[in-house]
Amino acid sequence: MNGPTQGSPASFDAGAYRSRTPGVASLLHLNAGSAALPAADVVATVRAHLDLEAKIGLQAALTKAQEGLATTRQCAATLLDCRPDQIAFGSTCAQLWSLLFSSQRFAKGGRILVSRGEWGGNLLAIQVMGRELGFDIETIPTDATGKINLERLTTRLAPDVRLLAVTAVSSVYGLRQPVAEIGALERPPGCLYFIDAAQALGRFPLSLRDTRADVITAPARKWLRGPRGQAVAALSSAALLRLTSPPLMDLGGFVWSDAGEPTPRGDAGRFEGHEFSVAGRLGFGAALGELLDAGQGAVTATINERLRQLRSDLATCEGVTVHEPANGDAAFLTFTCNGVPSSEVVFALAEDGIAIASQERIYAPQELDARGLQNVLRVSPHAYTHTDEIARFIEVLGRVLSDRCRDDRKDG
């Protein structure tokens with residue numbers, strides 16, 4: 001098994017990677033940012049455990065799954081460059097992020113700094129607690145492209161800052177934020193650094209060590225190609241000391257003394273639930289193993305090549321505006337079509353067997369507001385995407401826009 005950042009396009013067999021992805025046979029899938037196509041081994045792993053549960057019962061099947069569950073935890077720790085006891089699993093990225101955020105011992109008052117592209121669910125949790133404890137919530141300054149301005153951020157990191165929350169890549173804008181450089185800044189005592197890596201983990205090399213973050217969260221279903229209903233968090237040693245028991249108690253987070261006294265677990269497992277989908281978590285482990293074997297560096301480089309082709313081809317489409325900077329470090333591309341609603345474009349492409357996404361304001365309101373947009377189209381190829389598929393997407397998109405323009409002229 002390779003390390004999480006090893007591999008290169010020269011050694012990466014994109015054809016074999018694609019051949020292990022059954023979904024490409026029936027769908028031109030350019031929507032990894034919502035939910036990537038799983039590898040065949042992921043599907044087989046989930047199915048095999050469900051079959052085992054049906055055959056011998058859930059509890060007996062759980063007993064037999066212990067080695068596989070331990071491997072899943074180790075794979076997550078390898079990818080995120082931390083210890084297995086620093087890994088917590090949950091059902092969704094938003095659930096894990098909110099659970100960890102609400103487990104802090106916040107004093108009243110002070111400030112929380114959030115990135116402009118922060119996920120709407122994270123903002124909701126921050127605003128609810130902010131009203132209760134009197135926090136001021138400030139948006140971290142950016143440059144003209146939307147990238148966080150490190151110099152201006154440094155001036156904001158005063159002793160009254162309680163939390164630094166950064167989304168590594170916004171769901172509505174593919175620009176990658178400098179999360180490692182942010183982590184290198186000196187933070188006030190007691191200020192934790194949270195990274196929402198929903199659109200970054202599995203897309204780029206990202207680790208607890210390199211970013212010096214206290215919390216990194218991500219779902220399984222996006223770039224990691226795992227099952228829905230699975231998510232992972234990595235917690236620093238400082239976070240494990242600082243975060244208390246979660247506000248919603250669960251048996252899985254406690255150990256019991258001989259006298260029957262409950263004590264919160266000392267590791268990240270105290271944020272896990274006693275009940276979970278064993279099949280889903282084993283499938284998540286298979287997905288993590290697939291990425292580690294391929295090499296994160298090779299997967300990243302291959303996707304980058306697809307994005308370069310995509311950007312070049314989109315430039316030939318009349319009426320299309322791509323929003324990521326041409327020389328930017330983008331996870332995906334977002335675009336708008338002059339005079340054509342995003343939902344209409346998504347529907348028309350789906351009719352032709354092509355999947356992309358329309359991202360609405362609710363997902364990252366500050367990001368879209370700053371750019372004067374209500375929604376954007378997002379196209380996110382993965383390493384299983386073939387170059388011919390990008391050409392076909394451009395062809396169909398051009399036809400959709402041309403047909404719409406022709407209809408508008410008739411109506412006029």
Applying salt bridge (Lys or Arg N to Asp or Glu O under 4.0 Å) as the test, list every pair that has at least one member in residues 110-128; sequence neighbours left out.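 The answer is R111-E138, R111-D160, R116-E367.
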
Suppose we screen for side chain to side chain donor-acceptor pair (under 3.5 Å). Which residues come up paired with R152, at least two apart in sequence or across chains?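 R152: no side chain to side chain donor-acceptor pair (under 3.5 Å) contacts found.
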
Does Y384 have any side chain to side chain donor-acceptor pair (under 3.5 Å) partners at least two apart in sequence or in another chain, and if so, which?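 Partners of Y384 under the side chain to side chain donor-acceptor pair (under 3.5 Å) test: H29.
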
Could you check whether any side-chain N or O of [X] sits under 3.5 Å from a backbone N or O of [Y], counting only pairs where one atom can act as donor and the other as acceptor?
X	Y	answer
Q177	G146	yes
E344	P341	no
R20	D41	no
Q309	T387	yes
H382	W223	yes
R162	G109	yes
E324	L175	no
T167	S170	no
R105	R242	yes
R176	V169	no

Could you state the interatomic distance from CD (Q127) to CD1 (I112), rounded to the nearest 0.5 Å?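 Q127 atom CD to I112 atom CD1 measures 10.5 Å (nearest 0.5 Å).
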
Supply the atom-to-atom distance F12 CZ to T300 OG1, rounded to the nearest 0.5 angstrom.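 It comes to 10.0 Å.
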
Cation-pi check, R225 onto Y17 ring (under 6.0 Å, within 45° of axis):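 Yes.
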
Can you confirm if the NZ or CZ of R187 lies within 45° of the ring axis of Y193 and under 6.0 Å from the centre of its six-membered ring?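 Verdict for Y193: no cation-pi partner in R187.
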
Could you check if a side-chain atom of [X] sits within less than 4.5 angstrom of a side-chain atom of [Y], using non-hydrogen atoms only?
X	Y	value
L243	L192	yes
L224	L79	yes
F332	I303	no
V24	H386	no
I356	F335	yes
Q104	L163	yes

Stepwise ring pair (Phe, Tyr, Trp, His ring centres under 6.0 Å) test for Y363 and Y173: CA-CA 11 Å; Y363 298 129; Y173 187 44; over 10 Å; no

What residue pairs, at least two apart or across chains, pass side chain to side chain donor-acceptor pair (under 3.5 Å) with a residue in residues 226-237?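 The answer is D214-S236.
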
Taking all non-hydrogen atoms of both residues, which atom of [X] and which atom of [Y] are closest, and how far apart?
X	Y	answer
V42	G283	CG1-O, 3.6 Å
G23	L37	C-CD1, 3.8 Å
S91	Q95	N-OE1, 3.1 Å

Which pairs of donor and acceptor atoms, one on a side chain in residues 50-70, lie under 3.5 Å apart (sequence neighbours left out)?
unit_1, atom_1, unit_2, atom_2, d
E53, OE2, H49, NE2, 3.2
T63, OG1, Q59, O, 3.2
Q66, NE2, L62, O, 3.0

Crowded around R371 CZ? As in, over 12 foreign heavy atoms under 6.0 Å?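 Yes - once you tally the heavy atoms of other residues, nucleotides and ligands closer than 6.0 Å, there are more than 12.
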
Around atom CD of Q374, are there more than 12 heavy atoms of other residues, nucleotides or ligands at under 6.0 Å?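 Result for CD/Q374: open.
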
Residues which pass salt bridge (Lys or Arg N to Asp or Glu O under 4.0 Å) with E360, listed by chain and number, not counting sequence neighbours: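 Testing E360 for salt bridge (Lys or Arg N to Asp or Glu O under 4.0 Å), a comparison that skips the adjacent residues, returns none.
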
Without hydrogens or angle criteria, can the side chains of S380 and R203 be said to hold a donor-acceptor pair below 3.5 Å?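 Per modelled atom types, S380 and R203 side chains form no pair under 3.5 Å.
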
Can a salt bridge be assigned to the pair E181 and K147 using a cut-off of 4.0 Å between side-chain N and carboxylate O?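 No, this pair does not count.
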
Which word best sums up how the rings of F284 and F89 line up, parallel for under 30°, tilted for 30 to 60°, or perpendicular for over 60°?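 It falls in the perpendicular class, over 60°.
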
